[in-house]
Amino acid sequence: MTQPARTRFAPSPTGYLHIGGARTALFAWLYARHTGGQFILRIEDTDRKRYVPDALDKIISGLRWLGLDWDEGPDVGGPHAPYIQSQRLPMYQEAADWLIEHGHAYRCYCTPEELADMRAEQQAKKQKVGYDRRCRWLTPEERAAKEAEGRAWVVRLAVPLEGEVAFEDEIRGRVTFDVRELQDAVLLKADGYPTYHLAVVVDDHDMEITHVIRGEEWISSAPLHVLLYQAFGWDLPAFAHTPSILKPSGKGKLSKRDLKTPEGGSVPIMLHEYPDYGYLPEAVFNFLSGIGWSLDDRTEIYDRETAIKHFDLKAINPAPARFPVEKLDWMNGVYIRNLSLEELHRRLIPYLSRDLGVPEEELARDERLKILLPHVQERIKRLTEAAQWVDYLYVDEVRLDDPLSLVPRKTTPQETLPILDAIIETLESVDVWDEETLETILRELATTRGLKVGQVLAPIRQALTGKKATPPLFPILVALGKETSLERLRSARNTLQAYLDEA
RNA sequence: GCCCCCAUCGUCUAGAGGACUAGGAUGUCAGCCUUUCAAGCUGAAGACAGGGGUUCGAAUCCCCUUGGGGGCGCCA
C-alpha cells in the first residue's frame, strides 16, 4: 500500500487560476486523497509588484466549487501556519543567512541596470546569456567596500561549478541536468522577499510535503531546488511535473483568452468563470481528470470517489495535451441528464432567473416549468442553454416575425389558414387538457384532414412559441394551458389572415 | 541560440516485446427512432511522425531526424 502523501497546491495571486492550473491542483488533491494523506493550500505571494487583489478569493472559491478541499491552508489553518508566504518572511531570511554562512550562497550587489548591461553585452557578443557570477568572487575587501557604500544586495545561490544534478520524476523518470546550465539564481530579493526557488524549498520542507506536484514549466528550475535541498542537507521529496495543457486549436499553451470551439463558441479559460457558463462542477472535475490521465481503457464517466480510488501519479501521460473543448460540452450534457429532476430544477433556477429576468421565487413555484423540465434536460449541454427552451412561457404574447413561419412544409399559406381554424375549433372543444388527450385529438385531426402529424403540429409550435425547435408540443400545450394556447393560436391565425389579405 | 520535456485516429486517451486484425471516448458522416430540436440506438471513415538499429518478434527498448511544448528574470 502506498504511504500517505502530503501534497500541496501553491497558487500565486498574481492572476486568476486557469484551467491548466486547476487540473494540476486536481491531480495533487487526487493523489493526497488516494493515499489517505493530506492536501495543503499555500499562497505564494512573494511578488509584490504583480499582486491582484481579488485573485485569491476567486482561486479559493474556484477550487472549492470544483470540489477540492484542503486539510491545511490560509483559511483553515494547520500545524505549519501561516500558509501565506508573505507572512513567513523571517524563515526565508534565516534560511538565506544559513546558506551564506555555509558557503552555499552569497550576497550580490549588482543593480538591475548593471545586469541589463551585462546581458546586452552578452547578446551583442553572441555569448551565453546569464549572470556571470561577478559578485561570487569578490574579495572580503571588495565586499566590505560594497557594504560600506550601502548598496542594496540580493542573495544568490552558489551553484557548484561542475557535476550533474538529477532527480527522479514520478511521471517522467530520471531527469538530469549539467550544473553548467544552471544560473546562480537569486534566492532573496533586495526587498527582503524570497524568490520562488527559496520559498518553495523552505516551505515544502517545513510543511513536510512528500510529493511536489506542479506544472512542467518548473522542470528546468527543479535542479536548482534539488541543489537547495542538498545544501540544506534535507531529504528530497518526490517530484511530479504534470504535462501542460495546450490551446485547443493552433499552438502554444493556454493563454488568458477564452478557448474557441470549432463552432465558433467559446469556453472560459479561468476556473472561476465555469459556473457562469453553466458547467457543473462534477462534470468539470471528471473532464479535467481525463486530460493526461485515464481511469482505464474504457470508462469516461466516473465520480470523485472512483477517481480517488484509481488515481496514480505514475499513470499520468507525460505528453502535453490540447484542451479537448468538444468533449467538455458532451460530458456536461451527460451530467445534466444524470441529474434528478429535482436537482436539475434547483440548479437551473439561478440561471433561468438571470437569463429570463424572472424572480427566482416565481420560477421555483412555477408548475409549467416542471412540466417542461424533463424535456429541457435532454436538450441542454450547459445550464445557460435552458432559457431558450422555455422562454415563451414568460412572454405576454408571441411575436411572429414572419407569418410564413406558420406554414408547414409542402403546404401553402392559403392551405394553412383553414388548418389553423380547424386546430382552434378542435382545441376549443377539448375538456380534458392533458398530453394524452391532446395527442389523440390532434393526431385524429391530421388523419381526418389527410395531413401528416407534423403538418398540424408545426403551425401550433410556431404559434405558441415563435420557434422552430422546441421541446415536444403536447407538454407545451399543457404547460401553457388551454386559454393561453388558444389565445396564441387565434393571434397567429389573424396574423396569417392579415398577411393573406395584404397579398 | 543553449538546455530540458514530449510524440498512438482531427482531438482526449488505452497500450509498459508476442493477447494488436492497435481498444474506448469525443467530433464527423450515414441509418434507425421521431412531432421540430435534442436524447437514445446501430454502423462507417479515422492513428502507432520518419529513418536506422536491438530482437525469433517492436506502437512498446536504443540512436538519429523531424515536429510540438517548456525554460534560460530581484515573475511565479
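Numbered from 1 within each chain, the chains take letters A, B, ... in sequence-line order.
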(request) Would you classify Y196(A) as touching base, sugar-phosphate or nothing, given that sugar-phosphate means primed atoms plus P, OP1 and OP2, and contacts are heavy atoms under 4.0 Å? (result) base
(message) Taking only the P atom of each, what is the distance from C72(B) to U11(B) in whole angstrom?
(response) 28 Å
(request) Would you indicate which nucleotide in G23(B), U13(B), A76(B) comes nearest to any side-chain atom of A321(A)? (result) U13(B)
(request) Would you mind telling me which of C74(B), A76(B), G68(B) lies closest to the side-chain atoms of P320(A)? (result) G68(B)
(message) Tell me if the side-chain of E300(A) makes a donor-acceptor pair with the base of G24(B), cut-off 3.5 Å, by modelled atom types.
(response) yes
(message) Rounded to whole Å, how long is the line connecting atom CZ of R119(A) with atom P of C74(B)?
(response) 5 Å
(request) Pick base, sugar-phosphate or nothing for V154(A), based on heavy-atom distances below 4.0 Å to the nucleic acid. (result) base
(message) Do T46(A) and Y92(A) pair up side chain to side chain, a donor and an acceptor below 3.5 Å, judged on atom types alone?
(response) no
(message) Taking the P atom in each of A19(B) and A59(B), what is the distance between them to the nearest angstrom?
(response) 9 Å
(message) Looking only at the side chain of L246(A) (C-beta and beyond, no hydrogens), which of the listed nucleotides G69(B), U35(B), U13(B) gets closest?
(response) G69(B)
(message) Measuring only the C1' atom in each nucleotide, how far is C63(B) from U54(B)? A whole number of Å is fine.
(response) 11 Å
(request) Grab the CZ-P distance between F287(A) and A25(B) for me, whole Å please. (result) 17 Å
(request) Tell me the partner of U42(B), counting only Watson-Crick (N1-N3 plus N6-O4 or O6-N4) or G-U wobble (N1-O2 and O6-N3) with both under 3.5 Å; none if nothing fits. (result) A30(B)
(request) For W293(A), answer base if it contacts any base atom (sugar-phosphate contacts may also be present), sugar-phosphate if it contacts only those atoms, and nothing otherwise; contact means non-hydrogen atoms under 4.0 Å. (result) nothing
(message) Counting the atoms with a prime plus P, OP1 and OP2 as sugar-phosphate, which does Q183(A) contact under 4.0 Å by heavy atoms, base, sugar-phosphate, or nothing?
(response) sugar-phosphate
(request) Quick one: label P472(A) by what it contacts on the DNA or RNA (base, sugar-phosphate, nothing), any heavy atom closer than 4.0 Å. (result) base
(message) Using whole Å, what does the distance between atom C1' of nucleotide U13(B) and atom CG of L288(A) come to?
(response) 15 Å
(message) Taking only side-chain N and O atoms of R337(A), does any of them lie within less than 4.0 angstrom of OP1 or OP2 on G40(B)?
(response) yes
(request) With heavy atoms under 4.0 Å as the rule, sort K49(A) into base, sugar-phosphate or nothing. (result) sugar-phosphate
(message) By nearest atom, which of the nucleotides U36(B), A76(B), U26(B) is closest to the K189(A) side chain?
(response) A76(B)
(message) For the residue pair S244(A) / E216(A), report whether a side-chain donor-acceptor contact shorter than 3.5 Å exists.
(response) yes
(request) Measure the distance from CD1 on I301(A) to P on U13(B) and round it to the nearest whole Å. (result) 16 Å
(request) Please measure how far the P atom in A49(B) lies from the corresponding atom in C12(B), and state the result in whole Å. (result) 14 Å
(message) Both distances below 3.5 Å, Watson-Crick or wobble geometry, any strand: find the nucleotide opposite C72(B).
(response) G1(B)
(request) Remember a base hit wins even if backbone is also touched, and classify G215(A) as base, sugar-phosphate or nothing at under 4.0 Å, heavy atoms. (result) nothing
(request) To the nearest Å, give me how far apart CD (E326(A)) and P (C12(B)) are. (result) 9 Å
(request) Determine whether C135(A) and C110(A) make a side-chain contact, defined as any pair of heavy atoms from C-beta on separated by less than 4.5 Å. (result) yes
(message) Looking only at the side chain of R172(A) (C-beta and beyond, no hydrogens), which of the listed nucleotides C74(B), C5(B), U35(B) gets closest?
(response) C5(B)
(message) Please determine whether a side-chain nitrogen or oxygen atom of K314(A) lies at a distance below 4.0 Å from atom OP1 or OP2 of A16(B).
(response) no
(message) So if I take every side-chain heavy atom of E216(A) and compare against A39(B), G73(B), G69(B), which nucleotide ends up nearest?
(response) G69(B)
(message) So P243(A), base contact, sugar-phosphate only, or nothing? Heavy-atom distance under 4.0 Å.
(response) nothing
(request) Would you indicate, yes or no, if A14(B) has its OP1 or OP2 atom less than 4.0 angstrom from a side-chain nitrogen or oxygen of N317(A)? (result) yes
(message) Using the rule salt bridge (charged side-chain N to carboxylate O under 4.0 Å, His left out), only one of R42(A), R8(A), R88(A) pairs with D206(A); which is it?
(response) R88(A)
(request) Look at the side chain of R379(A) and decide which nucleotide, out of U36(B), A25(B), G68(B), has an atom nearest to it. (result) U36(B)
(message) With a 4.0 Å limit, can you tell me whether R461(A) has a side-chain N or O closer than that to the phosphate oxygens OP1/OP2 of U35(B)?
(response) no
(request) Provide the distance between the two C1' atoms, one in C29(B) and one in G46(B), to the nearest whole Å. (result) 11 Å
(message) Are Y109(A) and L138(A) packed together at the side-chain level, in the sense that at least one heavy-atom pair is separated by less than 4.5 angstrom?
(response) yes
(request) In whole angstrom, give me the gap between the P atoms of A30(B) and G70(B). (result) 38 Å
(message) Rounding to an integer number of Å, can you tell me how far L295(A) CG sits from A14(B) C1'?
(response) 12 Å
(message) Please report the distance, rounded to the nearest Å, between CH2 in W389(A) and P in U35(B).
(response) 17 Å
(message) Students often get this wrong, so: under 4.0 angstrom with heavy atoms, is G130(A) touching a base, only sugar-phosphate, or nothing?
(response) nothing
(request) Check whether any side-chain heavy atom of V398(A) lies under 4.5 Å from a side-chain heavy atom of L464(A), and answer yes or no. (result) no
(request) With heavy atoms under 4.0 Å as the rule, sort T176(A) into base, sugar-phosphate or nothing. (result) sugar-phosphate
(message) Any non-hydrogen side-chain atom of V200(A) less than 4.5 Å from a side-chain atom of R214(A)?
(response) yes
(message) Distance criterion of 3.5 Å, no angle test: do you see the side chain of K327(A) paired donor-to-acceptor with the base of C12(B)?
(response) yes
(request) For U35(B), give its Watson-Crick or G-U wobble partner with both distances under 3.5 Å, or none. (result) none
(request) Looking at every strand, decide which applies to S221(A) at a 4.0 Å heavy-atom threshold: base, sugar-phosphate, or nothing. (result) nothing
(message) In whole Å, measure the gap between the P atoms of G23(B) and G68(B) for me.
(response) 29 Å
(request) Would you please say whether a donor-acceptor pair under 3.5 Å links the side chains of T242(A) and T24(A)? (result) yes
(message) Need the pair for G67(B). Rule: Watson-Crick or G-U wobble, both distances under 3.5 Å, any strand; none if unpaired.
(response) C6(B)
(request) Using whole Å, report how far CG of L477(A) lies from P of U36(B). (result) 16 Å
(message) Looking at D132(A) and R134(A), is any side-chain nitrogen of the basic one under 4.0 Å from a carboxylate oxygen of the acidic one?
(response) yes
(request) Kindly say if T195(A) contacts the phosphate of G73(B), meaning a side-chain N or O under 4.0 Å from OP1 or OP2. (result) no
(request) For the side chain of S294(A), starting at C-beta, report the closest nucleotide among C6(B), A76(B), U13(B). (result) U13(B)
(message) Does F474(A) reach a base, just sugar-phosphate, or nothing at all? Heavy atoms under 4.0 Å.
(response) base
(request) Ignoring the backbone of W218(A), work out which of A76(B), A14(B), C74(B) is nearest its side chain. (result) A76(B)
(message) Under 6.0 Å between ring centres: does that hold for F27(A) and F311(A)?
(response) yes
(message) From C-beta outward on R322(A), which listed nucleotide comes closest to its side chain: C5(B), A76(B), C12(B)?
(response) C12(B)
(message) Between A39(B) and G57(B), how many Å separate the two P atoms, rounded to a whole number?
(response) 50 Å
(message) Under 3.5 Å, is there any donor-acceptor pair linking the side chain of R50(A) to the base of C75(B)?
(response) yes
(message) Just to be sure I understand the rule, does T14(A) reach a base, reach only the sugar-phosphate, or reach nothing, if contact means heavy atoms closer than 4.0 Å?
(response) nothing
(message) At 4.0 Å (heavy atoms only), tell me whether C108(A) reaches a base, stays on the sugar-phosphate, or touches nothing.
(response) nothing
